[in-house]
Novice: 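Sending over a structure as structure tokens; questions will come in a sec.
Keep in mind it's a predicted model, so treat the numbers as computed, not measured.
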Amino acid sequence: MCIRDRIKISAHLPSREVLLGAFNEDVRALSLRRTLKWLKVAKQLEAQWAVLHLNFIDSFYHHVEDRWLYYFMESMREVLHEKMPVYLENSEEKTPLIFRKVLEKIDNRVFVCFDIGHAFGYSNVSLLKWVDELSPWIREIHIHETEKGKDLHKPLGSGFIEIEKILRYIDELVEDYVITLEPVNLKQLENDIKWLRERGFI
């Protein structure tokens with residue numbers, strides 16, 4: 001068996017200034033062009049899936065959610081023409097409900113990359129509730145610790161988030177998923193791997 005058969009490769013698409021549900025046609029077109037460009041790169045790298053931020057900005061779109069959904073779904077039709085599974089990642093979304101609304105309407109090649117740190121940092125909905133709502137679609141977990149209102153990518157075990165409790169809960173509801181670490185340096189990577197290994201997650 002070659003190493004490529006044993007290692008899962010994913011590609012993280014651009015996240016900043018990518019607004020696939022934007023009301024302005026020019027903004028949407030630019031966002032889509034950037035997304036499709038990097039999807040083609042992902043395919044050249046033989047990635048098995050691509051991670052894409054939903055980028056639903058609550059303060060912009062909360063009261064016009066249906067219109068945002070319409071434009072986002074139009075953009076996603078173009079994205080899915082590339083025939084690569086897409087994992088939608090949460091960033092500053094306030095609740096998991098907007099994800100459910102997308103996922104219940106969309107192609108069966110679209111799943112969730114659940115970023116625990118982002119959900120803790122930017123949402124007041126409990127992490128267990130996020131898991132409850134999105135467990136049918138979760139295929140990847142991004143884990144790091146952070147303070148409320150921030151995205152600090154602190155080491156596992158820093159004490160801000162009950163990471164072990166959340167991972168064990170995910171284990172109960174999700175049959176198979178990939179853990180992705182997001183360390184800021186090699187020392188943190190070593191710490192995070194040790195933390196996961198000591199608790200039997202890897």
Side-chain angles (χ1 to χ4, degrees), residues 10-43 47-142 148-149 151 166 170 173-174 177-178 180:
S10 67
H12 198 302
L13 304 181
S15 58
R16 296 187 184 279
E17 296 158 349
V18 173
L19 299 169
L20 294 175
F23 291 4
N24 183 280
E25 185 178 355
D26 293 335
V27 173
R28 246 183 4 263
L30 177 60
S31 298
L32 186 56
R33 190 160 66 245
R34 291 182 68 202
T35 300
L36 294 176
K37 172 186 175 180
W38 287 101
L39 262 178
K40 286 178 169 58
V41 172
K43 290 171 79 172
Q48 282 117 328
W49 70 88
V51 176
L52 175 66
H53 281 233
L54 188 71
N55 282 345
F56 177 81
I57 303 172
D58 191 85
S59 58
F60 286 5
Y61 301 120
H62 177 69
H63 297 296
V64 283
E65 187 179 283
D66 288 345
R67 190 175 170 196
W68 178 91
L69 270 169
Y70 173 81
Y71 288 130
F72 183 81
M73 300 299 281
E74 288 287 303
S75 296
M76 284 300 293
R77 273 190 268 278
E78 296 296 319
V79 170
L80 292 172
H81 281 163
E82 292 299 318
K83 299 193 183 304
M84 174 175 282
V86 173
Y87 292 10
L88 296 175
E89 180 180 348
N90 58 299
S91 47
E92 297 188 28
E93 287 80 10
K94 302 299 184 187
T95 81
L97 297 182
I98 188 64
F99 285 86
R100 282 198 69 101
K101 290 180 180 181
V102 169
L103 292 158
E104 287 172 349
K105 293 175 179 289
I106 208 164
D107 190 279
N108 61 6
R109 285 174 292 132
V110 180
F111 302 100
V112 169
C113 171
F114 178 45
D115 190 304
I116 292 174
H118 290 166
F120 178 82
Y122 297 113
S123 170
N124 290 323
V125 175
S126 78
L127 294 174
L128 298 182
K129 178 67 173 175
W130 274 84
V131 176
D132 284 338
E133 292 288 343
L134 301 181
S135 60
W137 298 279
I138 291 174
R139 295 293 181 275
E140 182 177 1
I141 307 290
H142 284 186
K148 278 290 187 183
D151 185 18
I166 302 305
I170 291 170
L173 299 180
V174 181
Y177 63 92
V178 172
T180 298

Novice: Report the C-alpha distance between Ile138 and Phe111 in whole Å, list the side-chain angles of each, state the deciding distance to 0.1 Å, and finish with yes or no for side-chain contact (heavy atoms from CB on, under 4.5 Å).
Specialist: CA-CA 6 Å; Ile138 291 174; Phe111 302 100; over 6 Å; no
Novice: For residues 108-120, which residue pairs qualify under salt bridge (Lys or Arg N to Asp or Glu O under 4.0 Å), counting only residues two or more places apart or in two chains?
Specialist: Asp107-Arg109
Novice: Between Glu74 and Arg28, does any NZ, NE, NH1 or NH2 come within less than 4.0 Å of an OD or OE carboxylate oxygen?
Specialist: no
Novice: I would like to know whether Ile106 and Met73 meet side-chain contact (heavy atoms from CB on, under 4.5 Å); could you show each step before the answer?
Specialist: CA-CA 8 Å; Ile106 208 164; Met73 300 299 281; 3.8 Å; yes
Novice: Can you name the one residue among Trp49, Phe114, Trp137, Phe99 that meets ring pair (Phe, Tyr, Trp, His ring centres under 6.0 Å) with Tyr87?
Specialist: Trp49
Novice: For the side chain of Glu89 and the backbone of Val51, is there at least one donor-acceptor N/O pair under 3.5 Å apart?
Specialist: no
Novice: Quick one: does any side-chain atom of Asn55 pair with a main-chain N or O of Ser15 as donor and acceptor, under 3.5 Å?
Specialist: yes
Novice: Could you give me the CA-CA distance, side-chain angles and deciding distance for Thr180 and Ile141, then say whether side-chain contact (heavy atoms from CB on, under 4.5 Å) is met?
Specialist: CA-CA 6 Å; Thr180 298; Ile141 307 290; over 6 Å; no
Novice: Under 3.5 Å, side chain of Arg100 to main-chain N/O of Leu134, donor-acceptor pair present?
Specialist: no
Novice: If we ignore hydrogens and angles and just use 3.5 Å, is the side chain of Lys148 paired with the main-chain N or O of Ser123 as donor and acceptor?
Specialist: yes
Novice: Which heavy atom of Asn90 sits nearest a heavy atom of Ala119, and at what distance?
Specialist: ND2-N, 3.4 Å
Novice: Under the salt bridge (Lys or Arg N to Asp or Glu O under 4.0 Å) rule, collect the residues that match up with Arg34, sequence neighbours excluded.
Specialist: none
Novice: Check each of Tyr61, Trp68, Phe60 against Phe23 using the ring pair (Phe, Tyr, Trp, His ring centres under 6.0 Å) test, and report the only one that passes.
Specialist: Tyr61
Novice: With the side chain counted from C-beta on, respond yes when Glu93 and Leu54 share a heavy-atom pair under 4.5 Å apart, and no when they do not.
Specialist: yes
Novice: Indicate yes or no: at least one non-hydrogen side-chain atom of Leu88 is less than 4.5 angstrom from one of Val102.
Specialist: yes
Novice: Using side-chain heavy atoms (C-beta onward) and a distance below 4.5 Å, is Leu173 in contact with Asp132?
Specialist: yes
Novice: Not counting sequence neighbours, which residues clear salt bridge (Lys or Arg N to Asp or Glu O under 4.0 Å) with Glu25? List them please.
Specialist: none
Novice: Using 0.5 Å steps for rounding, measure from the CZ atom of Phe72 to the CG atom of Leu19.
Specialist: 10.5 Å
Novice: Take His142 and His118 through the ring-ring contact (aromatic ring centres under 6.0 Å, His included) test and state the conclusion after the steps.
Specialist: CA-CA 9 Å; His142 284 186; His118 290 166; 7.6 Å; no
Novice: Are any side-chain N or O atoms of Lys94 and backbone N or O atoms of Asn124, one a donor and one an acceptor, separated by less than 3.5 Å?
Specialist: no
